[in-house]
Each structure stands twice: as structure tokens, then as C-alpha cells.
Amino acid sequence: MDKKNALRAGALAAGTTLMMLLMSSPALALTRDDGDDPGTGLSVIETLGLFVVAPLALFAVIAGLVWVLDRSKDRQDTTSSNITVKGEGTTQAKA
């Protein structure tokens, strides 16, 4: 029974992959469409700046603003500060 499930999963994966490849064939076309006017390509430095440095900088700015503007300075665990613990010598044994 296990071989049937594996065969079924393999056939499903192969069929899905084949359909994805067939549907994405226009994306691989080399001919230009009417009205297509692509700009100049990006250099490696521009690509890294746009897709790596800019998101990291944006994340750092947002995290910094959240950290600086956080107004909850009194974050103490109130439950543990109100508990008094007795030592082992003060406990009484039940008779």
C-alpha cells in the first residue's frame, strides 16, 4: 500500500511540474511584444543595493524607531516580586 501512495505522489508532483513548465513558457519568450520598452539593466552593485541593502536598512530603521519610542520602561514581573519564599527550616511537618 505504501508503494501506491509514493507512486501517486510522484505522479502528482511530475504532473504539477509539467503543467507549471507549460504555463510559464511565455515568460521565457525571446521576442519582444508590441509597445515593449525595457530600460537599461541594473549593475551588480545596484541590484545588491536595491534588493539587499535597502530592505536591511528599512528593517533597521523600523526596529530602531520601535526600540527608541517604546514607552514601557516599567517592565517588571509583578508576580515574582510579590512572592515571599520561606526557608526550609520554617516549614512545619504535618502530624
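We're numbering straight along the sequence, starting at 1.
Evaluation of the side-chain contact (heavy atoms from CB on, under 4.5 Å) rule for Thr40 yields no partner, not counting sequence neighbours. Applying the side-chain contact (heavy atoms from CB on, under 4.5 Å) test to Thr17 and every residue at least two apart in sequence or in another chain returns Leu21.
By the 6.0 Å contact criterion, CD1 on Ile45 is open, its count of non-hydrogen atoms from other residues, nucleotides or ligands being 12 or less.
For the side-chain contact (heavy atoms from CB on, under 4.5 Å) criterion with Glu46, the lone passing option out of Leu42, Leu48, Leu50 is Leu42.
Residues Thr16 and Met19 fail the side-chain proximity criterion, which asks for heavy atoms closer than 4.5 Å.
A continuous path of ILVMFWY side-chain contacts below 4.5 Å connects Val44 to Leu56, so both sit in one hydrophobic cluster.
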Note to self: Could you walk me through whether Val66 and Asp70 satisfy the side-chain contact (heavy atoms from CB on, under 4.5 Å) test, starting with their C-alpha distance in whole Å, then the side-chain angles of each, then the deciding distance to 0.1 Å, before giving a yes or no?
What the structure shows: CA-CA 6 Å; Val66 169; Asp70 185 20; 5.6 Å; no

